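Notes to accompany the following structure.
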Amino acid sequence: DIFFAQEATEDQRLLAQVQEIQRASQKHSCPEDNETTPWLKQTRWPDLFQDRPLDIIAATAQRPGSAVNEDHYLGHWQGKLLVSPLENEAKLRILMRAADQVFTQAEAMLSRTSYQLRCWLKSYHKGSFYPKAITLLLAKSSQISYFTVWKQFLCNIFRVFVCEPLQRKQIYNLKFHAKEVKMTKHILSLVQELEGKELEDQESNNEAIESGESEEEESDD
């Protein structure tokens, strides 16, 4: 599929970018030496990820591969192999399909929304709307990059969520608050329900195929 191939290419581009940043950061003594843009200073990303294993963090954000019976390799930490278990990767694939549906529905809804309301959606003030409406990304490459970043964010969050608390702190320096834990658990429970339904449907289809083959064999006899 062309779309998934383009997404995979975008994944590799972003991973290469992270690796280049990691190599460059090793040439400087502190984050301030090479991370000087106002946005980076405001978000404090360089401080957050200083001395963190960027290779593991980048692998954590990659979309799940096509191999359904394999763990997702993350890297090595303190002499231990880190992977995202195949059971978790199966749930992420369902989330990725759900994300595609959300993007498609959002695009369809935006295309049906009036110009003035789209101006209000882009406004910063309650009393007046922004003169330019929010619009769809016209370039296909921009759409793919945008969707890929959101999918990588989802993969990162849900992989970090299921890892051990100590590793979560040491590697990712990330803490989930009570509301975030509740929301993430709820999403995972819904995914598990859908996963069970898909498994039941697959078993039913297999039984139907086997039944049809048996009937054909009996008719041949």
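Because the structure is predicted, anything quoted here is derived from the model rather than measured. The figures that follow rest on heavy atoms only: side chains count, while hydrogens, waters and symmetry mates do not.
Listed here is the closest heavy atom pair of A108 and S111: O-OG, 2.6 Å. When every heavy atom of A59 is checked against every heavy atom of H72, the shortest pair comes out as O-NE2, 2.8 Å. In terms of heavy-atom proximity, I56 sits nearest to L82 at CD1-CD1, 3.9 Å. A pairwise comparison of heavy atoms in R52 and I171 identifies CD-O, 3.3 Å as the closest pair. Across all their heavy atoms, S142 and L137 have their closest contact at O-CD1, 3.7 Å.
Counting only heavy atoms from C-beta outward, the side chains of M96 and C155 approach each other to under 4.5 Å. L95 places none of its side-chain heavy atoms less than 4.5 Å from the side chain of L154.
With sequence neighbours left out, the side-chain contact (heavy atoms from CB on, under 4.5 Å) criterion links Y115 to R118, C119, A133. Not counting sequence neighbours, the partners of L136 by the side-chain contact (heavy atoms from CB on, under 4.5 Å) test are E107, L110. In this structure, N156 has no side chain to side chain donor-acceptor pair (under 3.5 Å) partners at least two apart in sequence or on a different chain. Partners of V181 according to the side-chain contact (heavy atoms from CB on, under 4.5 Å) rule, which considers only residues two or more places apart in sequence or in another chain, are F161, F176, K185. In this view, Y130 satisfies the side chain to side chain donor-acceptor pair (under 3.5 Å) rule with no residue, not counting sequence neighbours. Checked against side chain to side chain donor-acceptor pair (under 3.5 Å), R93 has no partners two or more places apart in sequence or in another chain. Applying the side-chain contact (heavy atoms from CB on, under 4.5 Å) criterion to A67, with sequence neighbours excluded, gives E70.
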With a cut-off of 3.5 Å and sequence neighbours excluded, list every side-chain donor-acceptor pair involving residues 120-127.
unit_1: S123; atom_1: OG; unit_2: W120; atom_2: O; d: 2.6

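Identified under the side chain to side chain donor-acceptor pair (under 3.5 Å) test for residues 165-184, with sequence neighbours left out: T60-Y172, W77-Q170, K169-N173. Listed by first and then second residue, the salt bridge (Lys or Arg N to Asp or Glu O under 4.0 Å) pairs that reach into residues 153-167 are E89-R159, sequence neighbours excluded.
In terms of hydrophobic clustering, with Ile, Leu, Val, Met, Phe, Trp and Tyr side chains grouped at heavy-atom distances under 4.5 Å, V83 and I57 are assigned to different clusters. Using a 4.5 Å cut-off between side-chain heavy atoms of Ile, Leu, Val, Met, Phe, Trp and Tyr, with links allowed through other members, F103 and F153 fall into the same hydrophobic cluster. A single hydrophobic cluster is seen to contain both I187 and W150, as judged by linkage of ILVMFWY side chains at heavy-atom distances under 4.5 Å, directly or through other members. Hydrophobic cluster membership differs between V191 and V102, with clusters built from Ile, Leu, Val, Met, Phe, Trp and Tyr side chains linked at under 4.5 angstrom.
The line from CD of E195 to CG of L188 is 10.5 Å long, rounded to the nearest 0.5 Å. Considering CD of Q62 and CG of L74, their distance stands at 9.0 Å, rounded to 0.5 Å.
Through ILVMFWY side-chain contacts below 4.5 Å, M109 is grouped with nothing and stands alone. The hydrophobic cluster containing L166, built from Ile/Leu/Val/Met/Phe/Trp/Tyr side-chain heavy atoms closer than 4.5 Å, comprises no other residue.
Surrounding OH of Y73 are more than 12 heavy atoms belonging to other residues, nucleotides or ligands, all under 6.0 Å away. Shown here is L138, whose CG atom has no more than 12 heavy atoms of other residues, nucleotides or ligands within 6.0 Å.
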Item to check | Pair F147-D100, side chain to side chain contact (heavy atoms under 4.5 Å, CB included): steps then yes or no | outcome: CA-CA 8 Å; F147 296 157; D100 285 331; 5.8 Å; no
Checklist entry - Between V162 and F158, is a side chain to side chain contact (heavy atoms under 4.5 Å, CB included) present by the stated rule, with each step listed? => result CA-CA 7 Å; V162 299; F158 283 91; 6.0 Å; no
